[in-house]
There are 2 protein chains.
Amino acid sequence: MDQTTAYAPTDRARVRRRPQRAHYDEATVHAVLDAGVMAHVGYVLDGQPYVTPTAYWREGRRLYWHGSAMSRMLDAVDGAPVCVTVSFLDGFIVGRSGFVHSLNYRSVMAFGRARRVEGIAERRAALDRFIDRLYAGRPLKLRPATDEEVAATAMVVMDIEEASAKIRQTGVADLPADTGWAAWCGVFPVETRIGAALPEPAMGAGGAPTLDLAPYREGARLDEALAQAARSAQARGQGAPVST
Amino acid sequence: MDQTTAYAPTDRARVRRRPQRAHYDEATVHAVLDAGVMAHVGYVLDGQPYVTPTAYWREGRRLYWHGSAMSRMLDAVDGAPVCVTVSFLDGFIVGRSGFVHSLNYRSVMAFGRARRVEGIAERRAALDRFIDRLYAGRPLKLRPATDEEVAATAMVVMDIEEASAKIRQTGVADLPADTGWAAWCGVFPVETRIGAALPEPAMGAGGAPTLDLAPYREGARLDEALAQAARSAQARGQGAPVST
């Protein structure tokens, strides 16, 4: 495996259970990360673990997330070891024995140390990149952020030191001996999609969503829309490996 | 607030940011928990936080999850403080300034100490309850689990000591002064639904899914299907408050 495009697993990130479902290559890890917008950030405060769901984005081998300057989570993770997990439920597996019932899923656990992004200009630029990653070109349409708004926004960045993806995308693993049991068996796929857009008419926002919002058309799969938006952002020069 | 039906928040569980979005009553917390099947379990191992996605279910004020007897996660959480987080992404909020862009979501953070469920009979019964919570009556259709299968399955239970729900289900909070900016504004709802069932024909599993699988019909919202299955399980006597 090319070390330059893999997250070398150490004991922390190595998948122990079902290693055949594990992936450490950058392409697989990034594909899972780029298909999502909500991560679960794990951190420790006085020995107590916390898991906070939060919006995130990826640039190269870095993950960013943000929140209020008053956020306990953003305070706690600054300089601390963090685990950022992104997961998708893709299906229910039902078989002829309880043991083979399972779920299809994609997930990534990414490990590193988070640190605050200091500086109003740096945070303003990163916030614009986040909007632009989701909605290509939208920052140019928006009322620019005030210094007060940026000051009220804390942001952290984490270099991904290690990461592993775990993926199960299969059918039923029934035992041949169980074929005679008269229970239906198969898979119920699970899909997350965009619903019908809800414009804010009181704000003069009639009409169809503009081009920057095109990936989020009604019926689009959310993971595909986000992955497509990420590819588009990378083609515009975002998300290239960042020199450190 | 009735103490018997609320998760009294202490410093650990109290929502600091946007307290108007916080809920501690049992009905709200349980409604979020019962609408999901994948939780993110946070735990600490040698000072390092881990967040593992895993299937879970609720009975009264208890959460259960399970996995391989070889699981690092199930070893690490036994007797240890744990944070179990369940979240749903419900929509994208797009406004006229970067600052008001946001997500609609529902989430619960539940805190407690996990402990292993010992005993083959106890684990077998709990696994049947999990199958039955998802697929009413299905345990009776299945080849019963062998002792070896149950022995290979580790399980933990966590009494929820504290919990908080955080919910944002609103529209755009644009500033009146920003109305003039010509950017579309509104909400893109996000919905997770069941796709078309994939039977395993090689296993003689043709035909429509049986009645135990009825909640997972094509097009059903997953959160509603799981909530309905949970109500049905509770009506059958599952999930009543368990005496300790």
Side-chain angles (χ1 to χ4, degrees), chain A residues 12 16-17 38 40 42-44 48-51 53 55 68 70-72 81-83 85 87 89 92 96-99 101 103 107 127 131 141-143 145 149 171-172 174 178-179 181 183-195 197-200 203-205 209-210 213 216 222, chain B residues 12 16-17 38 40 42-44 48-51 53 55 68 70-72 81-83 85 87 89 92 96-99 101 103 107 127 131 141-143 145 149 171-172 174 178-179 181 183-195 197-200 203-205 209-210 213 216 222:
Chain A
R12 180 170 58 170
R16 302 192 183 182
R17 293 303 308 156
M38 281 265 276
H40 286 78
Y43 54 100
V44 187
Q48 168 73 50
Y50 291 82
V51 178
S68 158
M70 309 292 286
S71 160
R72 170 170 62 185
V82 167
C83 175
T85 297
S87 72
L89 172 62
F92 290 80
R96 268 71 172 260
S97 66
F99 201 65
H101 284 69
L103 300 173
S107 67
L127 288 167
I131 300 275
K141 298 170 184 269
L142 299 176
R143 188 262 298 156
E149 287 174 340
V172 183
D174 258 2
D178 294 340
T179 309
W181 290 85
W184 188 92
C185 79
V187 177
F188 294 102
V190 171
E191 300 166 340
T192 298
R193 295 185 183 273
I194 305 293
L198 304 168
E200 292 277 357
M203 297 174 185
T210 42
L213 307 170
Y216 309 94
L222 176 59
Chain B
R12 180 171 60 169
R16 301 191 185 183
R17 293 302 310 155
M38 282 264 275
H40 286 79
Y43 54 101
V44 187
Q48 168 72 51
Y50 291 82
V51 178
S68 158
M70 310 290 287
S71 158
R72 169 170 62 184
V82 168
C83 174
T85 298
S87 72
L89 172 61
F92 289 79
R96 268 72 172 261
S97 65
F99 201 65
H101 284 68
L103 301 173
S107 67
L127 287 167
I131 300 276
K141 297 171 184 270
L142 300 175
R143 188 263 297 156
E149 287 174 340
V172 183
D174 257 1
D178 294 339
T179 309
W181 291 84
W184 187 91
C185 80
V187 177
F188 294 102
V190 170
E191 300 166 339
T192 298
R193 293 185 184 273
I194 306 292
L198 304 168
E200 292 276 358
M203 297 174 184
T210 42
L213 306 171
Y216 307 94
L222 176 59

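Lettering follows sequence order; numbering is per chain, from 1.
Ring pair B:Phe92/A:Tyr216 is tilted by interplanar angle, where 30° to 60° counts as tilted.
When the ring-ring contact (aromatic ring centres under 6.0 Å, His included) test is applied to B:Tyr50, the partners found at least two apart in sequence or on another chain are A:Phe111, B:Tyr43. Residues that satisfy the side-chain contact (heavy atoms from CB on, under 4.5 Å) test with A:Pro209, not counting sequence neighbours, are A:Ala197, A:Leu213, B:Trp184, B:Phe188.
For the set A:Ile131, A:Thr210, A:Leu127, the count of heavy-atom pairs under 4.5 angstrom toward chain B peaks at A:Ile131. With respect to chain A, the highest number of heavy-atom pairs below 4.5 Å among B:Lys141, B:Arg12, B:Met38 belongs to B:Arg12.
Of the possible donor and acceptor atoms, none in the side chain of A:Glu149 sits under 3.5 Å from a partner among the backbone N and O of B:Phe99.
Heavy-atom minimum distance, B:Leu142 versus A:Ala183: CD2-CB, 4.3 Å.
Heavy atoms closer than 4.5 Å to chain B are found in the side chain of A:His101, but not in its backbone. In this structure, chain B has heavy atoms under 4.5 Å from both the backbone and the side chain of A:Met70. If you measure heavy-atom distances from A:Arg193 to chain B, the contacts under 4.5 Å come from both the backbone and the side chain. For a residue to count as touching a neighbouring chain, one of its non-hydrogen atoms must lie under 4.5 Å from one of that chain's; by this rule A:Val190 touches chain B with backbone and side chain alike.
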